[in-house]
Amino acid sequence: MTGTAVTFPRDLKYTQEHEWVSVEGNVATVGITYYAQEELGDIVYVELPEAKKPVIQFAEFGVVESVKTVSNLYSPCSGEVIEINKAVVETPELVNDDPYDGGWLIKLRMSDPRELDELMTSAEYEEFLEELSQGASEPQQG
Amino acid sequence: MTTVSADTQVRQTPLYQEHLKLKARMGPFAGWQMPLVFEGTIKEHQSVRTGVGMFDIAHMGVVEVRGPEALAGLQKLSCNNVAALKPGQTQYNMLLNERGGIRDDILIYLLEENHYWVIVNAGNVDKILNWFQATLPKQAFYRYLLHERVPFAVQGPKTLALLQTLFPDFPAQLKPFHFEWMTLLGQRTLVSRTGYTGEDGVEFFVAPDILPVLWNMLLSQGVPACGLAARDTLRLEAALPLYGHELNEETLPIQTAHAWVLKWQKPDFIGKSALLAAQKTPGIQLTLVGLMMEGRAIAREGYMLQEGGTVTSGTFSPTLERPIAMAYVDPGYATLGQLLNVDIRGKWQPARVCTLPFYRRQKI
């Protein structure tokens, strides 16, 4: 189990759908969180948009599939796709092994950086996960 | 006084606490709280294909049927020939409805004359108990052995060698689809050379209290715990049908890859006349095929085919490292190499009809 510092990097912002975004100038790099890849299990397929495709904040931009399930990807911010991570398309398990670095998914040229204010900080995301786990506590036997 | 139906409770197996200790990902399955994943589905899958792995399958129902009319009753309710069983043998069989549809697919164990165990799918236990109540003859008595006999699976090519070293009493000469009694941790235990992974292995039927002891003993020997997710990828590679997916009350055995269970020479069994009628109108029923996807997107349960038909199970095959699926299609398309198109999120993705099973173990 990886420590908290690695699980919720402080320099990232987070969505309720468990994507992260890191920002450099007006370029946003997007991936899914450690928690998301843990929940999904072995990731075996990643479907990403083509370059130049416009994406809209909180709208679907792609799909990840694990052995067991399909999950939509939602963009943390609006903009235009400038690059996709070809390595994860070829080797989807990179998302499991290295969700915050080698397992990034797309880079966007942001159209409205103010949208980032609507995302969670690492502390807020950690709290959000805490609430999630309490909401989904083990069912008790009657 | 109010009674709570067993259906509305979430049941825990005798290994529930062990699963929590291992931090298994738990999930509901057929009214039970079951472990889905321990260390990772692909890793667990490969352990079973190359070595050994163990599965909590305590949710499966063990129903005893005995009495002077036990054989007669099971012959009428099932379509395979129960009379062919010798004591110590196990048979794959199906219970049908009057329309010839599949109520459940089962294993039948003959312990001694007119004394059987019927292993039913977890999701069908209540239905089958009701069906036995309504249909078995007066002198055939059934009993759900929930608190007495718990099924537990150890699977993989190294299973038998390991169990022989651990338990001197283990029947080393046990043949596939046979079972024997042995003493395991001081308890009389039934062990059968059966499974649901396409790999060699055994299933134990143990007293509930010794199950955690057995589990921890095997864990300490390095046997990895495997979840239901790996059980599903393993059985799918082996093209073993799963009730509720490939089989249901509307599917006829003649549509499946297991039409061999039908023994027409039996004088009568429930569903026989409906099946005979259905056979006289060929071409109307869809037939089960294996699909190998050309691309990497997975065709999952419920996805439609452009040429007609539906996917019943689909996953990523850890052994073949590509997506596989089973689907019911028009018999006209059920030829090897036939190109079909699956609707995956609004796009037609090509797939080819292939031979089943997807994986067959090397016989030694």
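Order of the sequence lines fixes the chain letters, A, B, ..., with proteins taken first and strands second; residue numbering starts at 1 for each chain. Computed from a predicted structure; not experimentally measured. Computed over heavy atoms, backbone and side chain alike; hydrogens, waters and symmetry mates excluded.
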So which residue, B/Arg300, B/Arg25, B/Lys23, ends up with the most heavy-atom pairs under 4.5 Å with chain A?
B/Arg300

In terms of heavy-atom proximity below 4.5 Å to chain A, should B/Arg296 be classed as side chain, backbone, both, or neither?
both

Decide whether B/His45 and B/Glu237 meet the rule of one side-chain donor and one side-chain acceptor closer than 3.5 Å.
yes

Nearest 0.5 Å, please: how far is CD in A/Glu115 from OG in A/Ser75?
8.0 Å

Give, as side chain, backbone, both or neither, the part of A/Glu39 having an atom under 4.5 angstrom from any heavy atom of chain B.
both

Whatever's closer than 4.5 Å to a heavy atom in chain B on A/Val63 counts as side chain

Heavy-atom distance under 4.5 Å to chain A: side chain of B/Thr41, backbone, both or neither?
both

Pair A/Thr15-A/Glu19, side-chain donor/acceptor within less than 3.5 Å:
yes

Determine whether the side chains of A/His18 and A/Tyr125 contain a donor N or O and an acceptor N or O closer than 3.5 Å.
yes

Indicate the ring-plane relationship of B/Trp215 and B/Phe38, choosing parallel, tilted or perpendicular according to the 30° and 60° boundaries.
tilted

